Amino acid sequence: METGSLLAGAGVLLAIVWIWFAVYYWLNPQLKNPDAKARMTGTCGDTMEIGIQFDRKHVAVKTCCWTDGCITSLNCIHAAADLAKGKSVDARLDIDADAIQRSIGGLPKEHWHCATLAASTLHAAIDAYMNIHHLDIEPSLNDNPPDGNA
Ligand code: FES
């Protein structure tokens, strides 16, 4: 094999790796110092994580999220993070599994647990923030779907 072919192959491989990293970090932006963070693993084995930065009025101004789950999990955790932006900690209960599944255009019943895990992860992050700042914590909504499949 010629040296030129080897170099071209190595260049293509490096380009693929670079594109993979760029897409990965574009899909999973990170906050350097989130005010609150939560990581939860569902019964399916998938893990989700949300980090949130708040302003002085306890409004979520920046969020980041991550999951090792399927594309539905990714959609749900991104939806939860997006729904939280611009909302105060008091509005956290409005962001439940139903709000998340509606924001992504609906979910089949077998993927409802993805929205439930995303909502639980978001609530855990906000509850952690409220604990740190000694804010009143009301009981979280029951995010379980009507059939209780979480
Ligand atoms: Fe595990 Fe969706 S398949 S959270």
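The analysis underlying the following values was restricted to heavy atoms, covering all of them including side chains, and did not include hydrogens, waters or symmetry mates. Atoms within a ligand are numbered from 1 in the order they appear, just like the ligands themselves. Being a predicted model, the structure only gives us computed values, none of them experimental. For this chain, numbers begin at 1 and follow the sequence in order.
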Can Leu83 and Ser103 be said to form a side chain to side chain contact (heavy atoms under 4.5 Å, CB included), step by step? CA-CA 8 Å; Leu83 287 169; Ser103 77; 4.0 Å; yes

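More than 12 heavy atoms of other shown residues, nucleotides or ligands fall within 6.0 angstrom of atom NZ in Lys87.
Asp68 meets the salt bridge (charged side-chain N to carboxylate O under 4.0 Å, His left out) test with no other residue; sequence neighbours excluded. In this structure, Gln53 has no side chain to side chain donor-acceptor pair (under 3.5 Å) partners at least two apart in sequence or on a different chain.
Put simply, CE on Met40 and OG1 on Thr121 are 5.5 Å apart, with the number rounded to the nearest 0.5 Å.
Atom 1 (Fe) of ligand 1 has Cys44 SG, Asp46 OD2 as its protein N, O or S neighbours under 2.8 Å.
Listed by first and then second residue, the salt bridge (charged side-chain N to carboxylate O under 4.0 Å, His left out) pairs that reach into residues 69-85 are Asp82-Lys85, sequence neighbours excluded.
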